[in-house]
Each structure stands twice: as structure tokens, then as C-alpha cells.
Amino acid sequence: MPELPEVETIVQGLKTTLSQQKIEQVRIYDSKLAKMLAGKQITGKRIVNIRRRGKYIIFELNEGLNLIVHLRMSGRLLYQQNERKPLRWVRAVIKLDNGLLVFQDRRRLGVMELSRSDDLNCRLGVEPLSPEFDSDYLGQKLAAGKRPIKVFLMDQAIIAGIGNIYAQEILFAAGIHPRRQALSLGDNEIERLGEAIRNVLRLAIRHQGTTVSDFQNADGTEGNFQNLLKIYGREKEPCLICQTPIKRIKQQGRTTYFCEQCQK
DNA sequence: CCGCCAGCCTGAAGGC
DNA sequence: TGCCTTCAGGCTGGCG
């Protein structure tokens, strides 16, 4: 479900409330999750910091331990001050000294693991909102990209955090056709693409992410960016710029919407 | 080495 | 009403 802006929204929502809280109890309700955490002990540890890397949520605990959560398609992390009526699809509950962190996951694809080192950095490319991400980096990676630009943008080893919705919004904003080969982009297009990546992601964070079905912030509220989507989910609707009906195609098994008039 | 696809899961929605 | 198919915001491993 969530991409960078949604994960960022969750992390911001949890950061101040969870920092310095102690983990009093961990309850697991899912066999796969139990296996992932088998033999690991986090009861009694304190949450020192919470941060995001790509689409991963990292709870930094004392003694150098990291609890890493990936919500995949339908996971949620909800913070509750007091125990409330039971929710569906609860896979784990972490009881803190002043509240509860509930891991809810309808499709059970989410992942939770405990690690000592930060091996995420080996798997993930740069953060698109960091200074490291500039036209030089993007241009250099694009030059080696034989795949379509849409698929390239979703490669977490190149840029961390862009998924299916934002890849499409970014390409629409940049006026680039999703089937263009990555290495075919010219200098102006690279510049435009970099700007679009930063602008779309920043705007989506400002609007607390996109809720099309499952996404909720840590306090249970939904995002607002779905009201600002310009291309995703709009098959056959007139393009907001040129009125041409929006097209829908498949790329590597994922749906892509685009305007063949505005995206060249 | 690289690109692609099935598989992992469940539930909602649409067709018949 | 109910059954069947398709689809969904992600990632991985294995195949060609």
C-alpha cells in the first residue's frame, strides 16, 4: 500500500508520541510474523528514535537494536492511547508504557524484523528528498537504464520510496511517456523528471499521503492526496490539461495510466 | 547479468 | 443470491 509519502506521514505521526517509551509487552497473532521474530527479545527495550528509509519504518531501540517494519500492500501502524474495541486483521500489538502500537494487515504481506546493522542501505538507492539526489545522480543512473522509465522509477535500488501511484503522477507532471526507455531521456527531460520527483513527493507529504483503500495515518485518519491525483485511476476520463481520454496499460504486471497527448 | 513474472495473501467489486 | 474472475498502493526468488 504505502509509498514514501504515506510512510513518512506515519513516521511523523509516531515520532513524538513514541520516542522514549518503553516496550512493556509484545503480542503476536500471526504465525508468519511469529517466525520472523522468533527468538528475538525486545520487551524492556526503549524506543530511542523512529525514522523512515524508503518505504521502511525503523524503530531504533536502545542497545543498537532496530525493529524494521515494511507495510507492503495493506499494513497499518496505529497508535492508541488506551486499549479500544478489537480491530480486524491485527497481527501484533506492542504495549508501551503510555499506549499501544497496533500492527494491522489485511493481506498479511507486511514484514517485521529485528536487526542490529543497517543492512537496508545495501538494498536501497538514494532518498529522493535528500541532497544526494541531484541531476548528476539521476542522469548517471538513467544512462544505464534499458527498462521503461516507469519501471526504472519503481526500482528501490535506484531511488528508494517511489511506488506505482507516484511513479505515474511524477511522469505525468514531467510530461514523459511511461514506456520511454530510461536511457533515452535528454538533459531537459532529466531536469524535469528530477523536479517532478521532488515536487510530487513533497506535495503528497504535505497532504498526508494518498488513501485509495487501506492507507491510514498512525492516528487512524486518512490521507488527502487522492483528491489531487492527476492521472492515477482516471482511465477514459479527460486529461486535466488537454481533455484527451486517459489511457491504461500494463507494465510488468502493474497498471499504468497516462495521457498520450501530454506525455511524449 | 538483466528483465520479467509468479507467488505471497485477503477482500472488494464486477460479470453472469 | 451466489459463484467466479479480476484486481489492488510491494517485494522476492527463480527462470529464460
Side-chain angles (χ1 to χ4, degrees), chain A residues 1-11 29-36 52-57 68-77 87-92 103-113 115 119-120 122-125 128 141-172 178-184 200-201 203-205 207-217 222-236 248-257:
Chain A
M1 157 205 43
E3 307 180 33
L4 186 153
E6 289 75 40
V7 177
E8 181 66 28
T9 301
I10 291 170
V11 167
Y29 301 99
D30 178 277
S31 56
K32 264 183 14 185
L33 207 56
K35 256 175 227 164
M36 291 179 211
R52 178 190 62 73
R53 177 79 171 93
K55 300 175 197 170
Y56 292 84
I57 300 163
I68 297 171
V69 179
H70 196 303
L71 302 170
R72 296 280 176 96
M73 296 288 262
S74 59
R76 290 173 181 164
L77 277 182
L87 300 164
R88 293 179 82 181
W89 313 309
V90 171
R91 302 182 68 198
F103 181 33
Q104 198 186 14
D105 189 3
R106 185 167 59 86
R107 291 174 67 181
R108 298 174 53 224
L109 297 171
V111 170
M112 224 181 212
E113 58 191 357
S115 82
D119 61 349
L120 289 182
C122 308
R123 286 185 258 171
L124 299 176
K141 292 291 183 187
L142 283 165
K146 291 202 68 179
R147 292 168 296 170
I149 185 65
K150 152 86 173 344
V151 175
F152 173 94
L153 287 177
M154 290 174 65
D155 185 340
Q156 303 302 301
I158 296 172
I159 306 169
I162 299 172
N164 198 34
I165 290 183
Y166 293 108
Q168 298 171 54
E169 294 298 315
I170 286 163
L171 288 172
F172 180 74
R179 281 203 167 122
R180 284 276 299 280
Q181 209 177 26
L183 57 77
S184 76
V200 168
L201 295 178
L203 191 64
I205 291 171
H207 290 269
Q208 322 250 65
T210 302
T211 299
V212 296
S213 62
D214 289 299
F215 171 65
Q216 287 185 359
N217 193 350
E222 302 194 332
N224 298 302
F225 196 69
Q226 63 277 10
N227 304 316
L228 299 177
L229 294 174
K230 296 200 164 103
I231 198 80
Y232 177 82
R234 292 184 180 267
E235 188 188 10
K236 294 179 185 156
R248 170 187 169 140
I249 55 172
K250 282 260 182 213
Q251 293 181 282
Q252 284 202 174
R254 313 295 300 276
T255 305
T256 306
Y257 301 88

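If you're wondering where the values come from, they're calculated on a predicted model, not measured in any experiment. Order of the sequence lines fixes the chain letters, A, B, ..., with proteins taken first and strands second; residue numbering starts at 1 for each chain.
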Practice problem: Report yes if some heavy atom in the side chain of A:Arg108 is under 4.5 Å from a heavy atom in the side chain of A:Arg91; otherwise report no. | Solution: yes

Checking all strands, does [X] fall into the base, sugar-phosphate, or nothing category for heavy-atom contacts under 4.0 angstrom?
| X | answer |
| --- | --- |
| A:Arg123 | sugar-phosphate |
| A:Tyr56 | sugar-phosphate |
| A:Tyr232 | sugar-phosphate |

If you check the [X] side chain, which of [options] turns out closest?
| X | options | result |
| --- | --- | --- |
| A:Lys32 | C:dG10, B:dC9, C:dT12 | B:dC9 |
| A:Arg108 | B:dC9, C:dG10, B:dG3 | B:dC9 |
| A:Gln252 | B:dG11, B:dC8, B:dC5 | B:dC5 |
| A:Arg147 | B:dC4, C:dT12, B:dT10 | B:dC4 |
| A:Leu109 | B:dC9, B:dC4, C:dA8 | B:dC9 |
| A:Arg107 | C:dG10, B:dC4, B:dT10 | B:dT10 |
| A:Thr255 | C:dA8, B:dG11, B:dT10 | C:dA8 |
| A:Arg72 | B:dG11, C:dA8, C:dC11 | C:dC11 |

Quiz item: Under a cut-off of 3.5 Å for both distances of each Watson-Crick or G-U pair, what dot-bracket string does DNA chain C give, using [ ] for crossing pairs and | for inter-strand pairs?
Solution: .|||||||.|||||||

Length of the [atom1]-[atom2] vector between [X] and [N], whole Å:
| X | N | atom1 | atom2 | result |
| --- | --- | --- | --- | --- |
| A:Asp30 | B:dC8 | CG | P | 15 Å |
| A:Met73 | C:dC11 | CE | C1' | 10 Å |
| A:Phe215 | C:dA8 | CZ | P | 20 Å |
| A:Arg248 | C:dA8 | CZ | C1' | 10 Å |

Quiz item: Is the side chain of A:Asn224 donor-acceptor paired with the backbone N or O of A:Gln208 at a distance under 3.5 Å, no angle test?
Solution: no

Quiz item: Is the backbone N or O of A:Lys150 less than 3.5 Å from a side-chain atom of A:Gln251, with the two atoms forming a donor-acceptor pair by type?
Solution: no

Self-check item: B:dC5 versus C:dA8 - spacing of their P atoms, nearest Å
Solution: 15 Å

Quiz item: In whole Å, what separates the P atom of B:dG11 from that of C:dC11?
Solution: 22 Å

Quiz item: For residues A:Tyr166 and A:Glu6, is any side-chain donor paired with an opposing acceptor at under 3.5 Å?
Solution: yes

Quiz item: Would you call A:Arg147 and A:Asp155 a salt bridge, taking side-chain N to carboxylate O under 4.0 Å as the test?
Solution: yes

Quiz item: Are OP1 or OP2 of C:dC11 and a side-chain N or O of A:His70 less than 4.0 angstrom apart?
Solution: yes

Self-check item: Atom NZ of A:Lys146: over 12 foreign heavy atoms under 6.0 Å
Solution: no

Practice problem: Evaluate the ring planes of A:His207 and A:Phe225, with Trp represented by its six-membered ring, and classify them as parallel (under 30°), tilted (30 to 60°) or perpendicular (over 60°). | Solution: tilted

